[in-house]
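Order of the sequence lines sets the chain letters (A, B, ...), proteins ahead of strands, with each chain counted from 1.
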Amino acid sequence: MITIFFRNLVRDLMRQPLRTILTLSGVIWGTFSVILLIAFGESVGKAQTKRFHGMGYGIVLMFPSQTTLPYKGFQKGKPIRITPEQVEDIPDKVSDIEIISPEFVRSCRMRYERREFLNTVRGINPPFELMRNIIPAKGRFINPLDMKEKRRVCLIGDVLATDLFSTSDPMGKSIFIEGVPFTVIGIMAKKLQNSNYNGNRDERCAFMPWTTYSALYGDKYVSNIIFRPLDFNRSAEVTQGIKNHLSKLIGFDPQDPDAIFVWDTLEMEKSFQTFFIAFNIFLGVIGSFTLLVGGVGVASIMMVVVEERGREIGVKLAVGARRRTILFQFFIESLTIMLIGGLVGFAFSGAVVRLVQTMPEAVTQFVGTPQISPLVAVSSISILLLIGTVSGFIPARNAASTNPITALRK
Amino acid sequence: MIKFNKIKKIYHMGTQSLEALSGVSLQIAAGEFVTVMGPSGSGKSTLMNIIGCLDTPTDGEYFLEGKNVAGLTFDQLASIRNKMMGFVFQNFNLLPYATAWENIELPMLFNGKNARNRKERITELLNEVGLLKWKEHRPSELSGGQQQRIALARALANDPPIILADAPTGNLDSKSGVEIIELLSRLWKKGHTIIMVTHDDRLASHSQRIIHLFDGREAD
Ligand SMILES: Nc1ncnc2c1ncn2[C@@H]1O[C@H](COP(=O)(O)OP(=O)(O)OP(=O)(O)O)[C@@H](O)[C@H]1O
Ligand SMILES: [Mg+2]
């Protein structure tokens, strides 16, 4: 009996290829669009977050400026000057700082053989690597010994490396920065960076110990401070703590809003996260509507298909089919179509996702690498499955519940 | 075998209602060959559908082999249609996308005959109606007479005692019509009860008895 049943099922589906294909394509399209929408929405969001983290993660930047309030006999307009030693001393005076670095910035001519470019030099200390996500693809970052001995060594950005060296290996070679030879000890791994301050993006920078930098160029005062608080939620308090400490040390009003300009990326991170929560809600809503539209489409196809088969139901009833035989037949038929359609739609969306994953970085940089969420796939397939099966079942039940003559008149 | 007691059938269409059968009482014995005649709209099809358990009466009692049909469930009626009745329609009512073979097979699928028995029976029936060569053809590839012979073979699939034929020749040319009537006569001689609707007196002459319907009543 079971084998008869399945043979008939396959036969019924094959007899009307057009009908079967139309129904299938409705289901395939429904599943395909929902799964892809969610996969791409999520990956675009992630790609943007990653680009945002390109500049650094969990960092606060402080730029010394000029006072705008008079303080203890000083006129307003006094420039704030901070030495790198004062910066490195801050964690001993102010609590809750994980890592901190002074930063010097200037533009320099950089030369290797015949090639010369004007790019940014940054004088920094070893923790800068972690704060700014400058991960060496080759070699290493500046280390404490480089700092102590004021070595003429530098790590260079990936774009600067190809500009100067094209295809040859820069490691261990000497480049001339304003005519002074520096040994290349590392090359930064390529990264996506969508925000920046002072000078070129990291891909075109040379990073050297600040000790070397100030000995060479004679700069006494840092262009900015960069630090990461222990607790990201308390970045504002820690920043104020540093301001209070520096105000005593240097002499300015700790409430002066402009003496030190602060860029708290953690604040931005919070609003960024809010944006992505909103974005995900938006995606969810759009996804649900797509699912709804897909569901309505599938439902109407199923209803039309089954209603068209009123005569078939009538004929089967007339020759003695029991109601539950007919219902079971339609139920399994709808279920089979929905299941095949769902799986094919799933496979198609998987193929598209695979394709995007192999695309060049120029594309993936913006769309990210989409991934199919199993939860979304399973739930959208089952929702469509339910809608399709029920909407095929109801007209079948109606037709099979009348007397055969009424069904035959359809 | 078949006993009608004041059978009524009323169709409701919106506010209007129409009495298609207004209290028909009749009896048909096993092995009879009966023809139902009457003008168009007199209720012949309505009567046949009720006999064939395809439709239910509004009022009155229908005893089939002594059992009141009104008390039967949907599935019991399905079983009667499957095993006791073979219905032949004026418009054939074959499944359009199924082959001749598959159409004949249909009633057997609903009574659980095994594959070998089905195959034997279908071959036997195709031979009987002379269409073995056409077994893989769909209804649209067959002439009206051939389609009606397939429909008759389907009605015989489970070897039911009663054959109901509602204007089986209505859509056929006279030669094909005669072939169908000859098939029905042969079945009657084999012991089937035959109830047939026709407008043609010559075809009716094959039967033993004629029931005349007029305006939903038996006329004579
Ligand atoms: N489903 C229906 N709904 C409403 N009225 C119906 C329905 N079926 C039949 N009738 C009406 O019932 C009456 C009897 O119809 P029936 O089909 O039994 O006639 P008939 O004798 O078979 O006619 P014909 O010779 O044309 O086939 C007719 O007036 C018809 O219009
Ligand atoms: Mg009629």
Expected contact set for residues 80-87 of chain B against chain A at heavy-atom separation under 4.5 Å reads B:R81, B:N82

Under 4.5 Å from any heavy atom of chain B - which part of A:S401: backbone

Reported CG-to-CD distance for the pair B:N93 and A:E312, which is rounded to 0.5 angstrom: 12.0 Å

Contact check, side chains of B:F110 and A:I326, non-hydrogen atoms, under 4.5 Å: no

Atom CZ of residue position B:F33 - does it have more than 12 heavy atoms of other residues, nucleotides or ligands inside 6.0 Å? yes

4.5 Å side-chain heavy-atom contact, A:V315 and B:R154: yes

Evaluate the criterion side-chain contact (heavy atoms from CB on, under 4.5 Å) for residue pair B:L95 and A:K316; output intermediate values, then yes/no. CA-CA 9 Å; B:L95 293 182; A:K316 288 184 174 170; 4.2 Å; yes

Looking at B:F63, I want to see if its CZ is surrounded by more than 12 non-hydrogen atoms of other residues, nucleotides or ligands under 6.0 Å. yes

Residue from B:D75, B:N49, B:N103, B:N91 scoring the most non-hydrogen pairs under 4.5 Å with chain A is B:D75

Contact between B:F89 and A:L408 at the side-chain level, heavy atoms closer than 4.5 Å - yes or no? yes

Can you tell me which of B:A78, B:A157, B:P160 forms the most heavy-atom pairs within a distance under 4.5 Å of chain A? B:A78

Could you tell me which of A:G320, A:G314, A:A318 has the largest number of non-hydrogen atom pairs under 4.5 Å with chain B? A:G320

side-chain contact (heavy atoms from CB on, under 4.5 Å) between A:L317 and B:F74: does it pass, once the steps are laid out? CA-CA 10 Å; A:L317 287 174; B:F74 202 94; 4.1 Å; yes

Give a yes or no on whether A:F289 atom CZ has more than 12 heavy-atom contacts from other residues, nucleotides or ligands under 6.0 Å away. no

